Amino acid sequence: MGTRPTQSTAGIPSIWSAVTPPGPDCPALQGELRTDAVVIGAGFTGLSAALHLRQAGAEVAVLEAADPGWGGSGRNNGQVIPTLTRPDPDDIEARFGAAGERFVLMLRDSAALLFDLVARHGIPAEAEQTGWVQPVHSPGRIRIAERRHRQWLARGAPVELLDRAAVGRMTGSDAWYGGFWNRSGGHVNPLALARGMARTVTALGARLYGRSPALHYERRDGAWHVRTPGGTVRARALILATNAYTDAFSGELAPRIARQVVPVLSWQMATEPLDEAARRAILPGRQAMSDTHGELYFARHDARHRLITGGNLLIPLRERARLSAYIGRRLERLWPALGAVRFDYVWNGYVGMTDDFMPRFHALGPDGWAWAGCNGRAVALSFAVGREFARAVGGTPSDQLALPLTDPRPLPLRNLVRRIAPWMLLRYRMLDRQEL
């Protein structure tokens with residue numbers, strides 16, 4: 001994935017692609033099509049938008065460059081986290097005012113929305129709403145947990161502040177000093193979720209076209225026109241839901257939106273199945289876990305009793321072998337009872353990063369909407385954003401949407417920033433050794 005992507009999911013050596021049944025057959029778009037709304041991208045945002053639009057009675061066409069879930073939606077760790085990585089509620093509301101307040105409440109409820117939707121539609125996504133815990137990796141960082149607990153509790157989130165003993169019981173490790181728990185979070189098989197959503201939206205009557213990358217869109221004659229290699233779509237409304245992959249297939253699709261996000265390669269890993277003793281000792285409540293390191297420590301169980309984790313390297317050389325050794329040693333430090341760790345699957349995908357860790361939401365024009373910049377929090381947030389875009393297409397005024405809208409702001413020297421972004425890992429490692 002470090003090079004220009006291909007359009008097949010078959011070559012993604014992830015645990016998800018190995019165990020997930022195929023999605024629906026999605027023919028390529030051929031010829032001209034007219035519809036109420038066109039959605040570019042069949043990841044979580046696009047599929048959520050399509051589902052909610054169909055429930056409202058709108059005709060929908062979804063254009064996917066490869067197959068549903070091919071991009072970040074099908075490659076991630078599957079943690080369902082109803083927060084952002086850095087900005088907390090007070091920060092968001094101070095910056096965006098009333099729109100920020102609406103966004104915070106949407107974010108608060110985003111995990112619950114996802115799990116409720118999965119249950120309502122019977123999507124076989126291996127969904128476990130066991131909560132998400134953020135352990136604190138040094139004594140001074142407990143202030144992070146205290147701040148987040150205080151702010152989210154004030155907004156009605158189901159959160160709890162944990163002391164060191166409680167985090168030790170929850171994680172099965174004495175490596176952390178306390179933490180923050182949100183009971184609405186959890187985890188899923190993300191590729192199963194994407195493919196299940198694709199089956200659901202097609203059953204509801206949405207038209208889903210695979211292997212049909214959007215090459216260009218424009219507004220003319222009172223409608224949106226989207227061109228693919230095999231055809232065109234004319235629609236009253238347009239939703240651009242391509243995130244870190246916005247310029248992966250066409251540099252002309254939305255260059256200003258693409259250039260405000262830095263796609264950073266993120267590696268995910270699955271251990272061999274754990275024995276019963278290890279399952280009882282490590283995250284015994286099966287919570288999703290990601291801690292306060294900048295060089296993030298994260299893990300969760302999957303339905304086959306594997307530990308799903310991951311990490312990053314500075315130098316792109318023999319990544320799978322080097323990551324297996326590096327992350328294996330990390331897991332052994334956190335959970336000594338594991339002993340030597342073997343990884344059966346190691347894969348990667350792009351995460352869309354912004355310079356302030358805040359996602360970007362845009363009005364492209366009349367009935368045109370876009371977002372990018374998940375910053376590693378796409379799973380829950382994408383479902384909520386998709387629903388919000390459907391509300392926008394349905395006529396909800398922008399000043400009532402839970403989206404802090406801004407104009408696209410391309411990063412200066414973005415290509416250079418993209419090349420040097422992996423070296424930010426050195427800075428994170430340095431900061432991780434410091435107290436607040």
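Owing to the predicted nature of the structure, the values given are computational and were not obtained by experimental measurement.
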Short N-O contact, Glu388 and Arg391, less than 4.0 angstrom: yes
Cation over ring face, Arg427 and Trp423, 6.0 Å, 45°: no
Side-chain (Asp67) to main-chain (Gly210) donor-acceptor, under 3.5 angstrom: no
Arg418 charged N/C atom sitting above Tyr350 aromatic ring, 6.0 Å / 45°: yes
OH-CD1 distance between Tyr177 and Ile142, expressed to the nearest 0.5 angstrom: 11.0 Å
Minimum-distance pair of heavy atoms, taken over all atoms of Ala380 and Ile81: CB-O, 3.8 Å
N-O pairing of Asp90 and Arg155 below 4.0 Å: yes
Phe44 side, atom CZ; Leu381 side, atom CG - distance, nearest 0.5 Å: 12.0 Å
Main-chain N/O of Ala325 paired with Arg330 side-chain donor or acceptor, under 3.5 Å: no
Main-chain N/O of Leu191 paired to Asn189 side chain as donor or acceptor, under 3.5 Å: yes
Rounded distance (nearest 0.5 Å) linking atom OH of Tyr297 with atom CD1 of Ile327: 8.0 Å
Side-chain H-bond candidate by donor/acceptor type, Asn182 with Thr83, under 3.5 Å: no
Pi-cation contact, Phe298 with Arg300 (under 6.0 Å, within 45°): no
Enclosure of Arg95 CZ (heavy-atom neighbours >12, cutoff 6.0 Å): yes
Short N-O contact, Arg409 and Asp407, less than 4.0 angstrom: no
Atom pair NE2 (His137) and CG (Asp432), whose distance is rounded to the nearest 0.5 Å: 4.5 Å
Which atom of Gly43 lies closest to which atom of Ser73, heavy atoms considered: CA-OG, 3.4 Å
Check: Arg306 side chain, Thr271 main-chain N or O, donor-acceptor pair, under 3.5 Å: yes
Glu435 versus Pro139, closest heavy-atom pair with distance: OE2-CD, 3.3 Å
Flag for Trp132-Ser290: side-chain donor and acceptor within less than 3.5 Å: yes
Test of ring centre spacing under 6.0 Å for Trp70 and Phe249: yes
Salt bridge (Lys or Arg N to Asp or Glu O under 4.0 Å) evaluation trace for Arg102 with Asp399: CA-CA 10 Å; Arg102 294 190 295 271; Asp399 62 2; over 6 Å; no
Polar side-chain atom of His187 near backbone of Arg286 as donor-acceptor pair, under 3.5 Å: yes
Gap between atom CD1 of Ile144 and atom OG1 of Thr292 - 0.5 Å precision: 5.0 Å
Least distance between heavy atoms, Ser173 atom then Ala175 atom: OG-N, 3.1 Å
